[in-house]
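Here's the structure, in structure tokens; my notes come after.
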There are 2 protein chains.
Amino acid sequence: MAKKQPDTVERIQDEAKGVYQRIRKKQKPQMKLPIRALSNVKYRAGAGFFQLRGRNKVRTLTVNTVKTFAQTLKMLSMSLDLIRTERHSTKREAYYQAYNWGDAAFASQDESDTVMDDVEAMISVNREQLRFRADEHGGEVAGELVVIDADRRTGRPIEIDCTRFGSGAYSVPTVVEDLGFKTSAKFILAVETKGMFERLVEEDFYDRHHCILVSMGGVPSRACRRFIRRLADEKKLPVYVFTDGDPYGYFNIYRTLKVGSGNAAHLNEFFCVPRARFLGVTPDDIVEYDLPTHALKDVDRKRASDALKNDPFIRHHKTWQKSIHQMLKMGVRVEQQALAKHGLEFVAKTYLPRKLKETGRFLP
Amino acid sequence: MAKKQPDTVERIQDEAKGVYQRIRKKQKPQMKLPIRALSNVKYRAGAGFFQLRGRNKVRTLTVNTVKTFAQTLKMLSMSLDLIRTERHSTKREAYYQAYNWGDAAFASQDESDTVMDDVEAMISVNREQLRFRADEHGGEVAGELVVIDADRRTGRPIEIDCTRFGSGAYSVPTVVEDLGFKTSAKFILAVETKGMFERLVEEDFYDRHHCILVSMGGVPSRACRRFIRRLADEKKLPVYVFTDGDPYGYFNIYRTLKVGSGNAAHLNEFFCVPRARFLGVTPDDIVEYDLPTHALKDVDRKRASDALKNDPFIRHHKTWQKSIHQMLKMGVRVEQQALAKHGLEFVAKTYLPRKLKETGRFLP
């Protein structure tokens, strides 16, 4: 699995060559970076996510930019080293490794994170392909899936059967670029909480419905989003999302998973899951299943009206607007665990099976 | 694996019988609960954790207590149902299941959580044995360990080999009571961050040192603490803890893992890991390895002086006091990733092997 990622290596070498050749010609070396700001972003409904408009800034070597320029080149070189030694480095480790760069050392981790973001946007690959990883939880998986990874010691493929974890689960690593997949599952069900994930495992849900369960643990991390994206694309699987029925579940979790976020537009290409559909819990469900609710908080109302006004994704989808207006009118939010009012097994035996018969009614 | 937990069932039935018999004798039914407060706690250095002093409050059925009394009995009955159906319920699900208790329904989840804590203390088992679980992340494991769980569909034992996850890991379930273990590892190394955990996996650390790696992901959850505790006790393994060198790492993470916390004293018996020892990062390491540091923040200083003044565990151990004074004098904290200054592999190839040669020098 440990591929050599020729693309990334080539792209880094091309950048370096460009700098080198300008120096040889006695010209000032330059680097070209896309501008990473909302002003340089458009919503492409077809592709299904925020995209960069393609405006660039050019960083030319001058007295003022010499330090950043050097740091950017050193960061590219660190990435090459990582690829060659088949290692990864967290952002924090990268910052500390740069302690020995003399005048080019970073004053703080903020500084090194910014240069890393620049490099990521410049090379047009994701940070993980540059072998930098976040220090975050990648989500958990159980169900009809075999993940193929490599045994570091032997280099041989290793098969991880996600039906063989009992009450536990497979914990997704922070870098998923080189993982392979085997599955005959019919869909991926991404759930908000570990509690609901364990409920569905306990009810044999993935067995009965031939699916793959993913616990996002709140807002899904990069690794979790990338894992779902790669798995869904490669195996052409539908992705259904099951969160609480509140603005946090709708926007912070579902919207982020599906279309990405505005301030990281150069990443959405890799991390969004355009094929995701929202299964529930919807405001309609509250009525249909007579669910216990809680009153909306101020922060819920604010999030909802902000989304109606400013979120290009919500503004594009009338059915979402309708649901949000319905929620605001009802004045309540609902937790996915509220289904337990009808018994612990209700969610697995009644609610989800009924929903899955009408996937066409899922919110976009 | 799915044991019937006769102890828990018997204890619940004994409570119920007690209530029933008093009613038959036309006496007011009673329940006896330990007082859950710091005033009812002592530090037992021998046992190694905070313990209840044994003072109880008696809840007698009166007009004022009738609702709580009924809720407590209903909660006991829910627990019995869960044991019989081999299910677990999250705290949130328990709250929603109680929606149908008529006059005994809870006004909020706070109310149901409190009754659950009462029941836990009354029956003198942990909540997980009553089949209630938290909705939290249980930690991740890789290394020389086979976890034995049951396959729910067949009831047969299932062996989970934690050396066979490639770059991923075994995600610990929220309830670990019925897990079995097979291992020839020499020790457990519990690390603060997922980033450091993945670093050690990448460096083949568990292979070279025959150990079990656990990522706590910050302050360890109940499930993570209970997992380490059960594994360490059953297999008589030393537990070494590797965190940042700051008050958060020393007290919030290490101290919580080792001796528990003051406000949940009725639980420490199950969740603390008295055999844990602190490997690092220590203030001594900063000097010895010339590590990059950050200035202590006000919150760090406050945490440290609070611990010196009020924490019975720190007050019991002179070597801890010495280290904290040293940290305060140096005025700096250090992250475990700072070791990357000497190269990514330094922590696995030099720092940890050197430390492991002198386990006697670990902080208590």
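By convention in this document, chain letters (A, B, ...) are assigned in the order of the sequence lines, proteins followed by strands, and residues within each chain are numbered from 1. Worth knowing before you read on, the calculation uses all heavy atoms, side chains too, and leaves out hydrogens, waters and symmetry mates. The structure displayed is predicted, hence computed values, not measured ones.
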Between [X] and [Y], is there a side-chain N and carboxylate O pair less than 4.0 Å apart?
| X | Y | result |
| --- | --- | --- |
| A:Lys194 | B:Glu136 | no |
| A:Glu203 | B:Arg87 | yes |
| A:Arg92 | B:Glu335 | yes |

Please give me the minimum heavy-atom distance between [X] and [Y], naming the atom from each residue.
| X | Y | value |
| --- | --- | --- |
| A:Gln337 | B:Asp135 | NE2-OD2, 3.9 Å |
| A:Arg199 | B:Glu93 | NE-OE2, 2.9 Å |
| B:Ala340 | A:Tyr96 | CB-CB, 4.1 Å |

Contact winner vs chain B - [options], heavy-atom pairs under 4.5 Å:
| options | result |
| --- | --- |
| A:Glu345, A:Lys91, A:Glu140, A:His137 | A:His137 |
| A:Asp151, A:Thr163, A:Val147 | A:Thr163 |
| A:Thr193, A:Thr174, A:Val172 | A:Thr174 |
| A:Leu344, A:Asp204, A:Leu339 | A:Leu344 |
| A:Pro292, A:Ser89, A:Gly168 | A:Pro292 |

Who among [options] has the most heavy-atom pairs with chain A under 4.5 Å?
| options | result |
| --- | --- |
| B:Ile160, B:Thr90, B:Val176, B:Val201 | B:Ile160 |
| B:Ser167, B:Ala142, B:Gly166 | B:Ser167 |
| B:Phe346, B:Tyr95, B:Tyr99, B:Tyr170 | B:Tyr99 |
| B:Lys341, B:His294, B:Glu198, B:Gln97 | B:Glu198 |
| B:Gly217, B:Gly343, B:Ser171 | B:Ser171 |
| B:Arg152, B:Met196, B:Glu159, B:His342 | B:Arg152 |

What part of A:Ser215 gets closer than 4.5 Å to chain B, counting heavy atoms only: side chain, backbone, both or neither?
->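 When you check distances to chain B, no heavy atom of A:Ser215 falls under 4.5 Å.
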Could you walk me through whether A:His88 and B:Glu202 pass the side chain to side chain donor-acceptor pair (under 3.5 Å) check?
-> CA-CA 8 Å; A:His88 297 84; B:Glu202 202 166 87; 2.7 Å; yes
Heavy-atom count around B:Arg153 CZ within 6.0 Å, excluding the residue itself: above 12?
->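 Yes, enclosed.
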Given the rule in the salt bridge (charged side-chain N to carboxylate O under 4.0 Å, His left out) test, do A:Arg164 and B:Asp161 qualify, once you have shown the distances and angles that lead to the verdict?
-> CA-CA 10 Å; A:Arg164 301 279 304 163; B:Asp161 182 348; over 6 Å; no
Should the ring pair A:Phe165 and B:Phe165 be called parallel, tilted or perpendicular, given that the plane angle runs from 0 to 90° and is split at 30 and 60?
->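 Ring orientation of A:Phe165 relative to B:Phe165: parallel.
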Which answer fits B:Leu291, side chain, backbone, both or neither, if we ask what part of it has an atom under 4.5 Å from a heavy atom of chain A?
->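 Looking at B:Leu291, nothing touches chain A.
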